[in-house]
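Bear in mind the structure is a predicted one, so any value in this text is a computation, not a measurement. Sequence positions, counted from 1, serve as the residue numbers for this chain.
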Amino acid sequence: MLSEPRSGRLAAWGNALLSGHVSPDHTVLAIVGDDAVHRVEGLPGESGPVGLTLALGRLRTLGVSALRVALPAPGHPLGLSGPPEFNARALEAEEAVICHGAALGLVPQAYEVGPEGDVHAEVVWHVLPVREAPPVDVPSLGEAERELAEALREATQVLSRLDVAGSGPVAQAAIDAYRARAEGGRGQELLAPGYPPRAARVLELARRVGLLVSLAYEKRHGGAVSASEIGARGDVLRVVERTARRAQVAAYNSVVEEREKGVR
């Protein structure tokens, strides 16, 4: 299942702060979430790690006007623009944040600390130089929504034929919970203030598709017994998962997309 990446929280709430929708204190609380603390290392002008509040303020003074998300995977450098050193760090973490307005990127590194029974995560964001170039393979929000709906329809048909779609009471309960949340209009909570409702809808659908893919993987090969059926199943799941990640990135980056449309 596509979980909420730390880069998504940093970009979403960082964008809300940069656009004046939320206070610094509210922003930091939302970004940290269930983690213990977040620090930023390698920030220009700072000799050591600093807290999120200071880091976000410093990024603003450096010219950062918005934040983008990258969610790369092996063979799919989604959202990256180089250089190779940054891409390698982002690929290892499977996520990164790219600054809009300054040639900087942030890659998270999480550490588990604390005694047994009281383990918590501390996160260090490493600031590195990035290449100012269009990010790789990031669709517009409208494109992502259309691709995701189409991929979901095709995957449902193929996986149902191969008897590998999620089933059973636990799977159905998970799917029903996602549907109820979407229909109840709570998808906006997935993003920070200032994001368009369509972005929340796309992100919610991407999460739901990720859930279905996760359930399909948990069922292993399902009813697919021949080598060709097993291969077809894997191909479908990989395509749908990639499409869902593209949609996830498009949703988080929609604020920047809207801003660029206004400039043109």
message: Working note: V124 + H126, criterion side chain to side chain contact (heavy atoms under 4.5 Å, CB included); need CA distance, chi angles, decisive distance, verdict.
response: CA-CA 6 Å; V124 175; H126 298 278; 3.8 Å; yes

Worked verdict on E41 versus Q109 for side chain to side chain contact (heavy atoms under 4.5 Å, CB included): CA-CA 11 Å; E41 188 173 80; Q109 186 174 13; over 6 Å; no

- request: Evaluate the criterion side chain to side chain contact (heavy atoms under 4.5 Å, CB included) for residue pair L78 and Q248; output intermediate values, then yes/no.
  value: CA-CA 11 Å; L78 175 61; Q248 198 174 17; over 6 Å; no

field: Full working for side chain to side chain contact (heavy atoms under 4.5 Å, CB included) between L191 and Y252
entry: CA-CA 8 Å; L191 290 168; Y252 285 122; 3.7 Å; yes

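For T243, there are no side chain to side chain donor-acceptor pair (under 3.5 Å) partners, not counting sequence neighbours. Listed by chain and number, the residues in a side chain to side chain donor-acceptor pair (under 3.5 Å) with R58 are E46 (sequence neighbours excluded). Annotation: side chain to side chain donor-acceptor pair (under 3.5 Å) contacts of H21 (sequence neighbours excluded): S19.
Looking at R198, its side chain never comes within 3.5 Å of a backbone N or O of L141 through a donor-acceptor pair. Side-chain atoms of E122 do not come within 3.5 Å of backbone N or O of V113 as any donor-acceptor pair. When atom types are taken as modelled, the side chain of N253 and the backbone of V69 share a donor-acceptor pair closer than 3.5 angstrom.
To the nearest 0.5 angstrom, L59 atom CG is 11.0 Å from S65 atom OG. We find the CG-OG1 distance between L52 and T27 to be 9.5 Å, quoted to the nearest 0.5 Å. Annotation: the span from S23 atom OG to H26 atom NE2 amounts to 7.0 Å, rounded to 0.5 Å. Note that CD of E147 and CZ of R246 are 4.0 Å apart. Values are rounded to the nearest 0.5 Å. In this structure, OG in S7 is found 14.0 Å from CZ in R68, a value given to the nearest 0.5 Å. Taken to the nearest 0.5 Å, the CD atom of E4 stands 8.0 Å off from the CG atom of L203.
Hydrophobic cluster membership differs between V256 and L10, with clusters built from Ile, Leu, Val, Met, Phe, Trp and Tyr side chains linked at under 4.5 angstrom. Hydrophobic cluster membership differs between V138 and L91, with clusters built from Ile, Leu, Val, Met, Phe, Trp and Tyr side chains linked at under 4.5 angstrom. V28 and L67 fall within a single hydrophobic cluster, where Ile, Leu, Val, Met, Phe, Trp and Tyr side chains are chained together by heavy-atom contacts under 4.5 Å. One hydrophobic cluster holds both V240 and L148 under the rule that ILVMFWY side chains link at heavy-atom gaps under 4.5 Å. A single hydrophobic cluster is seen to contain both L54 and L56, as judged by linkage of ILVMFWY side chains at heavy-atom distances under 4.5 Å, directly or through other members.
The shortest heavy-atom contact between G194 and V255 is O-CG2, 4.2 Å. The heavy-atom pair separating G14 from I31 by the smallest distance is N-CD1, 4.5 Å. Pairing each heavy atom of A251 with each of V202, the nearest pair is CB-CG1, 4.5 Å. The two residues A12 and Y195 come nearest to each other via the heavy atoms CA-OH, 3.4 Å. Closest heavy-atom contact between I98 and G79: CG1-O, 4.1 Å. Listed here is the closest heavy atom pair of L17 and P24: CD1-N, 3.7 Å.
Note on R242 versus D137: no salt bridge recorded, every NZ/NE/NH1/NH2 to OD/OE distance being 4.0 Å or above. Under a 4.0 Å N-O distance rule, the pair R245/E241 qualifies as a salt bridge.
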Listed pairs under 3.5 Å, donor-acceptor, residues 128-136 side chains, sequence neighbours left out:
| from | atom 1 | to | atom 2 | distance (Å) |
| --- | --- | --- | --- | --- |
| R131 | NH1 | S81 | O | 3.4 |

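Counting only residues at least two apart or on different chains, no salt bridge (Lys or Arg N to Asp or Glu O under 4.0 Å) pair has a member in residues 91-107.
Under the 4.5 angstrom side-chain criterion for Ile, Leu, Val, Met, Phe, Trp and Tyr, V37 has no cluster partners at all.
By the 4.5 Å heavy-atom criterion applied to side chains, V127 and C99 are not counted as neighbours.
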